[in-house]
Enquirer: 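A single structure is presented below for examination.
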Amino acid sequence: MKTVFSVDELRAVVADWRRAGESIAFVPTMGNLHEGHVSLLRRACELATRTVVSIFVNPIQFGRGEDYARYPSTLEDDKQKLQAAGLDLLFVPNLDQLYPGGMEEDTRITVPVLSTILCGQFRPGHFSGVATVVSKLLLNVQPDVALFGEKDYQQVLVIKQMAHDLLMPVEILGMPIVRDPDGLAMSSRNAYLNASERACAPLIFQLLTRAADKLRRQDTSLIAIETAGMAELAAAGFRPEYFSIRRAQDLSAPRPGDTSVQILVAAWLGTARLIDNLRVEMPAPLQSV
Ligand code: PAF
């Protein structure tokens with residue numbers, strides 16, 4: 001595994017590969033890698049002859065007062081995991097490499113509508129920060145395929161729309177959430193949980209599963225399911241932001257006749273903001289909302 005720190009070095013390696021007719025799969029990350037990231041890399045190795053991972057904690061996707069300054073950094077550990085999983089190239093740029101003109105007046109990419117709902121409503125500017133850095137990375141890694149975890153389901157849709165709208169010649173793949181045995185979705189931010197919060201955290205997945213059962217039975221209104229989810233999270237000590245049932249394809253409000261629905265949650269537990277979601281394929285089309 002080779003590690004490069006500059007855009008120029010990255011481009012040189014990619015150019016050699018392209019000349020040799022290699023295909024490239026890319027996994028962008030912010031480091032602090034867990035089994036979810038490793039599962040993306042494993043799939044990447046199956047899809048292309050060469051694999052690239054980036055590690056960059058992107059300041060412009062964090063709001064004021066969010067966890068940018070304390071985001072866990074575990075580069076040596078991450079390198080070992082990537083090497084073991086068979087990575088070819090690790091790209092670890094610093095701020096100057098990705099924001100050569102500074103961050104204040106940098107060009108921004110904004111995907112409309114999708115960026116303003118759910119997480120976008122609670123984290124204004126977040127998805128623009130994500131779309132901007134991911135487009136810089138895609139332009140320079142030039143992958144055939146880029147893989148993203150579906151724990152960040154809304155992020156996957158934002159990036160798919162961005163790639164589609166900007167005519168980027170890359171396939172964006174969303175990959176299934178990897179969970180701890182008790183159901184908690186793996187996330188770098190789980191490290192912020194203390195022992196009692198960690199014991200409480202799997203409730204999110206339990207509530208998603210319960211909500212999915214109710215949804216499939218179609219004996220409770222969507223709003224009643226959402227309200228119950230919010231109330232149960234609050235009663236257990238979470239500070240929920242949303243518990244929301246949406247159309248899977250674009251996160252708009254479900255309509256009668258829909259068959260693919262996504263339930264999405266964001267909730268604070270102590271100092272950790274946790275998100276999770278679950279796809280529900282309806283046994284019968286949704287009758288009413
Ligand atoms: O999901 C993440 O880790 C980040 O949002 C990403 C896609 C690496 C962009 O900074």
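Index from 1, following the sequence. Atoms within a ligand are numbered from 1 in the order they appear, just like the ligands themselves.
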Enquirer: Could you check whether Glu35 pairs with Arg42 (Lys NZ or Arg NE/NH1/NH2 to Asp/Glu carboxylate O, under 4.0 Å)?
Expert: yes
Enquirer: Which ligand 1 atoms, with their elements, are less than 4.0 angstrom from a heavy-atom of Val133?
Expert: 9 (C), 10 (O)
Enquirer: Donor-acceptor pair, distance only, cut-off 3.5 Å: does the side chain of Asn58 make one with the backbone of Gly129?
Expert: yes
Enquirer: Which residue and non-hydrogen atom of the protein lie closest to atom 3 (O) of ligand 1, and at what distance in Å?
Expert: Met30 CG, 3.5 Å
Enquirer: Hydrogens and angles aside, do Asp250 and Ser252 bring a side-chain donor and acceptor to less than 3.5 Å of each other?
Expert: yes
Enquirer: Looking at Asp276 and Val265, would you say the former's side chain and the latter's main chain have a donor-acceptor pair under 3.5 Å?
Expert: no
Enquirer: Sequence neighbours excluded and cut-off under 3.5 Å, please list the side-chain donor-acceptor pairs for residues 156-171, or say none.
Expert:
from: Gln161; atom 1: NE2; to: Asp165; atom 2: OD2; distance (Å): 3.2

Enquirer: With respect to Gln61, determine whether any N or O atom, backbone or side chain, lies less than 3.5 Å from an N or O atom of ligand 1.
Expert: yes
Enquirer: Give the residue, atom name and distance (to 0.1 Å) of the protein heavy atom nearest atom 5 (O) of ligand 1.
Expert: Gln155 OE1, 2.7 Å
Enquirer: Applying a heavy-atom cut-off of 4.0 Å, say which part of Thr29 lies close to ligand 1: side chain, backbone, both or neither.
Expert: backbone
